[in-house]
Amino acid sequence: MPQPLDLMPTLLQGLWVTVQVYLGAAVFVLVCGVVVGSMRSSRHRWLRWPAKGYILGFRGVPALVLLFWFYYVMPAIGLRLPALAAGILALGLNFGAYAAELVRGAIAAVPSGQTEAAIALNMTPMQRMIRVIGPQATLRALPPMGSLNIELMKNTALVFFIGLHDLTFQGRILQNDTQRTVQIFTLALAMYFVLALCIMAASRGLERVMGRGMQGGAR
Amino acid sequence: MNTNDSATQQPLVQIRNLQKRFGDVVVLDGLNLDIEIGNHVAIIGRSGSGKSTLLRLLMTLEKPEAGTICIDGEYLWHQQQNGQLVPASLAHTRRVRGKVGMVFQHFNLFPHMRVLRNVAEAPRLVLGLSRREAEARARELLDRVGLSDKADAWPQELSGGQKQRVAIARAMAMQPQIMLFDEVTSALDPELVGEALQFLRELADEVSMTMLLVTHQMHFAEQIADRVIFIDSGKIVEDDEPAVIFHHPRQQGTREFLNAVLSPADD
């Protein structure tokens with residue numbers, strides 16, 4: 001294979017690991033964001049406080065140290081996680097805290113008149129959340145959620161430090177083997193960038209599909 | 001249910017010694033009010049006199065500090081237990097709240113639902129109608145408010161007056177016994193006010209629904225209401241027929257208020 005295409009198989013292997021870490025963590029982040037963000041918005045203390053604690057804790061620590069903790073400390077207390085699981089867990093919990101704050105903000109940004117209208121129509125608190133507040137909050141949360149996902153994808157490079165053979169790791173291996181630094185890391189950058197473009201496109205597409213009829217913004 | 005018996009014997013709404021404070025500010029100060037079935041009551045008064053708060057208490061959007069509200073023979077915020085009044089359970093308040101409907105000042109339509117679903121959603125979810133029944137009811141009401149061609153429109157595509165009509169249809173779809181209108185015209189463009197008032201007057205004539213309206217439009221209050229209440233500092237100052245309130249008010253306070261709002265050009 002001609003240069004630099006001969007580098008591609010190795011880099012693509014890494015890209016696949018990067019994508020796995022990203023997708024796994026993204027699901028985690030989405031679930032954490034919606035569940036914890038909704039709890040954080042609850043009127044009930046016993047739902048709100050654990051959510052506050054989670055956000056405070058996991059937003060205040062570096063993802064890398066969290067990653068080391070899951071990978072190197074957990075085995076010491078008897079829980080040995082595969083590197084992939086540790087990576088997904090650490091990134092998911094860390095970024096989940098940001099997502100929860102973002103969901104909380106989106107819920108709070110839905111005008112109070114919407115809740116009042118739903119009360120006037122005698123909906124239960126659950127019906128209000130699912131039918132009225134949730135859909136509008138989702139629409140507001142989508143653009144920042146897209147940015148957060150790009151941020152998350154770029155941060156998957158941290159799993160390099162626990163020896164996962166992601167795109168960055170594969171690049172370093174090739175660098176050692178071939179010394180073709182410019183080609184390797186330019187290609188790696190391009191791959192990360194294409195991944196980011198895909199996430200951006202998906203996010204825009206979702207916004208368009210879910211925002212039908214709400215042109216001029218959610219009011 | 002004993003609704004029919006009780007309805008003929010007692011007022012639809014009975015408010016006793018109602019008190020509401022926001023912090024140190026007393027908004028309603030021991031207010032008493034009876035509303036009979038079919039009454040069209042207009043509430044007038046200065047901003048901050050407690051008019052809108054009264055509606056919000058009736059709709060359970062605010063909780064009173066003291067006093068009782070009784071709707072169709074049932075307490076809104078209380079329930080009887082061993083002959084004593086105790087704070088109502090959520091289920092009880094929800095059931096009584098179902099007798100009340102409200103049209104908001106800013107309409108508060110659901111922006112993520114088309115017009116038809118705005119009207120049909122709550123009958124389906126709350127009253128348990130099937131999708132077909134709920135949509136049939138919604139179409140009928142949209143027809144009644146002259147918007148049958150807007151069923152598939154989004155709220156954002158409607159004019160202020162049209163939004164208001166959807167809001168009215170949405171509230172009526174729940175078949176409340178009393179409808180509350182908060183500041184009916186203040187969110188409309190000036191050129192739409194006349195049309196909206198005309199529409200509401202026709203609606204009031206057409207349906208025998210009990211209506212409680214807060215308004216700044218004295219002319220409108222005079223035409224639509226069979227009873228006008230002037231509230232000041234959280235108390236009812238005067239409560240009479242429109243002709244009396246607007247032309248021969250008995251209270252000094254009412255006269256001063258009407259002088260101030262009816263002849264702004266003289267100021």
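In what follows, chains carry the letters A, B, and so on, assigned in the order in which the sequence lines appear, proteins first and then strands, with residues in each chain numbered from 1. All values below were derived from every heavy atom in this structure, side-chain atoms included, with hydrogens, water molecules and symmetry-related copies excluded.
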Output a table of donor-acceptor pairs, distance under 3.5 Å, between side-chain atoms of residues 26-37 of chain A and any protein atom two or more places apart or on a different chain; print 'none' if there are none.
none

Considering only heavy atoms, which portion of Phe104(B) lies under 4.5 Å from any heavy atom of chain A: side chain, backbone, both, or neither? side chain

Is the number of heavy atoms from other residues, nucleotides or ligands under 6.0 Å of Arg172(A) CZ greater than 12? no

Could you have a look at Met102(B), Arg94(B), Met174(B) and say which one has the most heavy-atom pairs with chain A under 4.5 angstrom? Arg94(B)

Student check: side-chain heavy atoms of Glu116(A) and Arg56(B) closer than 4.5 Å: yes

Can you confirm whether Phe193(A) is buried at CZ, in the sense that more than 12 heavy atoms of other residues, nucleotides or ligands lie under 6.0 Å from that atom? no

Winner by heavy-atom pair count (cut-off under 4.5 Å) against chain A, out of Val126(B), Leu127(B), Leu125(B): Leu125(B)

Hey, mind stepping through Arg97(B) and Ile119(A) against side-chain contact (heavy atoms from CB on, under 4.5 Å) and telling me if it holds? CA-CA 9 Å; Arg97(B) 171 164 74 199; Ile119(A) 292 175; 3.4 Å; yes

For Pro111(B) and Gln114(A), which heavy atoms make the closest approach, and how far apart are they? CD-OE1, 3.5 Å

In terms of heavy-atom contacts, Asn108(B) and Ala117(A) come closest through O-CB, 3.6 Å

For Arg131(A) and His112(B), which heavy atoms make the closest approach, and how far apart are they? O-NE2, 2.8 Å

Could you check which of Arg114(B), Arg170(B), His106(B) has the highest count of heavy-atom pairs closer than 4.5 Å to chain A? Arg170(B)

For the CZ atom of Phe110(B) and the CG atom of Leu121(A), what is their distance to the nearest 0.5 Å? 5.0 Å

Name all pairs fulfilling the side-chain hydrogen bond (donor to acceptor under 3.5 Å, both in side chains) condition that reach into residues 86-102 of chain A, sequence neighbours left out, sorted by first residue then second. Glu101(A)-Arg104(A)

Please classify the contact of Thr124(A) with chain B as side chain, backbone, both or neither, using a heavy-atom distance under 4.5 Å. both

